[in-house]
Every structure is written in C-alpha cells, then in structure tokens.
Amino acid sequence: MTLSIDQQLALKTAASRLQSQFHGIFGTETIERFLNTSYDQFASNSTIPNFLPLLAERFARQRLHALAKVEGHVTDNKPIVLFLCVHNAGRSQMALGFFEDLAEDRAVAWSGGSEPGNQINPAAVEAMLERGINISREFPKPWTDEIVRAADVIVSMGCGDACPVFPGKRYLDWTLDDPAGKDVADVRPVRDEIERRVRALLDELGVAARV
C-alpha cells in the first residue's frame with residue numbers, strides 16, 4: 001500500500017516514540033516491524049486513513065508490551081486479562097472498559113476479535129457512557145500471538161473455535177448476548193452482566209476494585 005507523505009511522517013514519529021519508550025528492551029528493527037505490521041492489519045478495512053498511524057502506534061505499543069512480558073522484561077507482576085469476542089466492537093470492549101475503570105493501574109486488560117469490525121458498536125458506547133465510562137476512543141483489533149502468550153487469563157465471549165488455545169493459560173467462557181444490531185435498552189442488561197462478571201474476576205485475581 002502506498003503511503004502519503006503525511007502518513008510516512010506520522011509513522012516515523014510513532015517509531016521514534018516507541019523507540020524511546022522501549023529503549024534498552026527492543027531494537028529499532030523490531031519496533032519498526034511491529035509498527036508496520038500493525039499498520040497493515042488496519043489498512044485493509046479502515047474507513048479513516050488519517051487515523052491509521054495512530055491506531056498502528058497504539059496497537060504496536062500493546063504488542064511490544066506483551067512481547068516484553070513474554071520475554072521477561074516486565075516484572076511488575078500485574079495480572080493481564082485478555083477479553084475476546086468476534087468483532088471486538090461490543091462485549092469485549094465493554095469488559096475492557098469496566099476492567100480498566102475498576103482496576104485502574106493495578107492490573108492490565110486487552111481485547112481483541114476473531115473478525116474485527118470497523119468501529120465500536122454505538123449502542124455499547126452509549127450504554128457505557130451511562131456508567132461514566134467512555135469506550136469511544138477504543139478500536140476493534142485482532143489478537144496476535146504475543147498478546148495471547150502474555151495474558152494470564154483469557155476470557156472468551158462468543159468467538160468459539162476461533163479463540164486461540166495455548167497450554168497453561170486460564171480460560172473463561174462468558175456466554176453473553178451479542179449487542180450487534182441491538183438498541184441501548186437491549187444492551188444495558190448485557191452491560192450490567194459484564195460489569196458483574198468483571199468485578200467477580202477482579203476479586204478472584206486479588207485486585208482491589210475502585211470504589
């Protein structure tokens with residue numbers, strides 16, 4: 001794919017930020033490879049090309065963090081939970097929103113989809129805003145090998161056989177209605193059940209939830 005001058009500059013700037021953040025952990029070649037492959041993963045179905053470098057940087061940062069954990073460079077012992085669904089546009093994003101809001105910086109959560117959509121479900125966004133949590137800045141994304149390997153707990157929300165299986169991981173299967181195509185009124189019960197389960201998971205992990 002041909003990049004515009006602005007996109008090339010944005011990716012170069014993103015690479016510099018990532019190199020600064022992961023200095024002494026990963027070399028330039030690794031960082032640029034993760035950034036470029038992250039860009040390619042979004043470029044094929046993105047409807048907003050101008051945001052691609054930013055999305056690529058955010059996803060590359062998450063992937064590099066995961067790789068650092070897998071390779072033993074991260075020793076903070078914070079549990080990592082990965083929420084997975086089909087489109088990464090509703091259930092897994094709401095779970096991520098609740099987890100990050102309640103756990104704050106005491107644990108890490110990521111999300112992904114087996115067939116990532118193009119945008120977050122608007123009804124899910126509105127339902128979460130009613131609880132004071134803004135997930136509109138999130139974006140559907142796939143999962144990658146290093147992200148799955150870094151997770152301590154993998155929560156499946158309807159991705160079925162497509163969900164990755166790695167030995168030694170703790171898996172949870174949350175059966176929840178898919179918010180796709182539903183209005184806010186129908187999404188609220190799903191949202192509330194996700195919050196209940198996230199709170200229970202935090203308790204199991206020994207992570208204090210924000211009051």
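Heavy-atom basis, side chains included; hydrogens, waters and symmetry copies ignored.
Note that the CG atom of L201 and the CZ atom of R196 stand 11.5 Å from one another [nearest 0.5 Å]. One distance of note links CZ of F98 with CD1 of I133; it measures 4.5 Å at 0.5 Å rounding. Between the CG atom of L35 and the CZ atom of R63 there is a distance of 9.5 Å, given to the nearest 0.5 Å. Annotation: the span from I25 atom CD1 to I31 atom CD1 amounts to 9.0 Å, rounded to 0.5 Å. Atom OG1 in T13 sits 12.0 Å away from atom CG in L54 (nearest 0.5 Å). Of the inter-residue distances, the one linking N88 atom CG with L96 atom CG reads 8.0 Å to the nearest 0.5 angstrom.
Between A89 and I120 the shortest heavy-atom distance is O-CG2, 3.4 Å. The shortest non-hydrogen separation linking E100 to E138 is OE1-OE2, 4.4 Å. Closest heavy-atom contact between L202 and A209: CD1-CB, 4.2 Å. In terms of heavy-atom proximity, L82 sits nearest to A151 at CB-CB, 3.8 Å. The two residues A14 and E57 make their nearest non-hydrogen contact at CB-OE1, 3.4 Å. The minimum heavy-atom distance linking W143 with C85 is given by the pair CZ3-O, 4.3 Å.
T37 places a side-chain N or O within donor-acceptor distance of the main-chain N or O of R33, the cut-off being under 3.5 Å. Here the side chain of K69 pairs a donor or acceptor atom with the backbone of A150 at under 3.5 angstrom. With hydrogens and angles ignored, the 3.5 Å screen pairs no side-chain donor or acceptor of K141 with any backbone N or O of P116.
Side-chain contact check for D6 and S4: no donor-acceptor pair (N or O, by modelled atom type) lies under 3.5 Å.
When R210, R131, R106 are each tested for a salt bridge (Lys or Arg N to Asp or Glu O under 4.0 Å) with D101, only one passes: R210. Checking each of I147, L172, V81, L84 against I154 for a side-chain contact (heavy atoms from CB on, under 4.5 Å) leaves exactly one that passes, namely L84.
Checked against a 6.0 Å centroid threshold, the rings of F139 and F42 count as neighbours.
At least one cation-pi condition fails for K169 and Y171: the charged atom is not both under 6.0 angstrom from the six-membered ring centre and inside a 45 degree cone around its axis.
A chain of hydrophobic side-chain contacts below 4.5 Å, direct or via other Ile, Leu, Val, Met, Phe, Trp or Tyr residues, connects F166 to L67. Follow the hydrophobic side-chain contacts under 4.5 Å out from V190 and you reach L129 in the same cluster. A chain of hydrophobic side-chain contacts below 4.5 Å, direct or via other Ile, Leu, Val, Met, Phe, Trp or Tyr residues, connects V148 to V165. The cluster map of Ile, Leu, Val, Met, Phe, Trp and Tyr, joined by side-chain heavy atoms under 4.5 Å apart, puts F22 and V70 in different clusters. Side-chain heavy atoms closer than 4.5 Å link hydrophobic residues (I, L, V, M, F, W, Y) into clusters, and following such links, possibly through other members, connects L102 to L205.
Side chains of V187 and M94 form a contact here, defined as non-hydrogen atoms less than 4.5 Å apart. Side-chain contact between D183 and D186 is present, with heavy atoms from C-beta onward closer than 4.5 Å. Considering only heavy atoms from C-beta on, D178 comes within 4.5 Å of R91 through its side chain. The closest side-chain heavy-atom distance from E146 to F34 is below 4.5 Å. In this structure, the side chains of V155 and V153 come closer than 4.5 Å at one or more pairs of heavy atoms. A heavy-atom distance below 4.5 Å is not found between the side chains of N121 and Q93. V108 is not listed as a side-chain neighbour of F99, based on a closest heavy-atom distance of 4.5 Å or more. In this structure the side chain of N118 never reaches within 4.5 angstrom of the side chain of P140, judged on heavy atoms.
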Could you check E193 against R197 for salt bridge (charged side-chain N to carboxylate O under 4.0 Å, His left out), going step by step and ending with a plain yes or no? CA-CA 6 Å; E193 177 61 16; R197 296 190 187 203; 2.7 Å; yes
Dump the intermediate steps for salt bridge (charged side-chain N to carboxylate O under 4.0 Å, His left out) on R191 and E195, then the final yes or no. CA-CA 6 Å; R191 174 203 64 193; E195 180 184 10; over 6 Å; no
Please assess R149 against D145 for the test salt bridge (charged side-chain N to carboxylate O under 4.0 Å, His left out), listing each intermediate value before the final yes or no. CA-CA 6 Å; R149 289 168 60 202; D145 181 77; 3.3 Å; yes
Using salt bridge (charged side-chain N to carboxylate O under 4.0 Å, His left out), reason through E204 and R170 one step at a time and then give a plain yes or no. CA-CA 12 Å; E204 291 174 20; R170 180 187 175 191; 2.4 Å; yes
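Taking the six-membered ring where the residue is Trp, H73 and F26 present perpendicular rings, their angle passing 60° and hence far from 30°.
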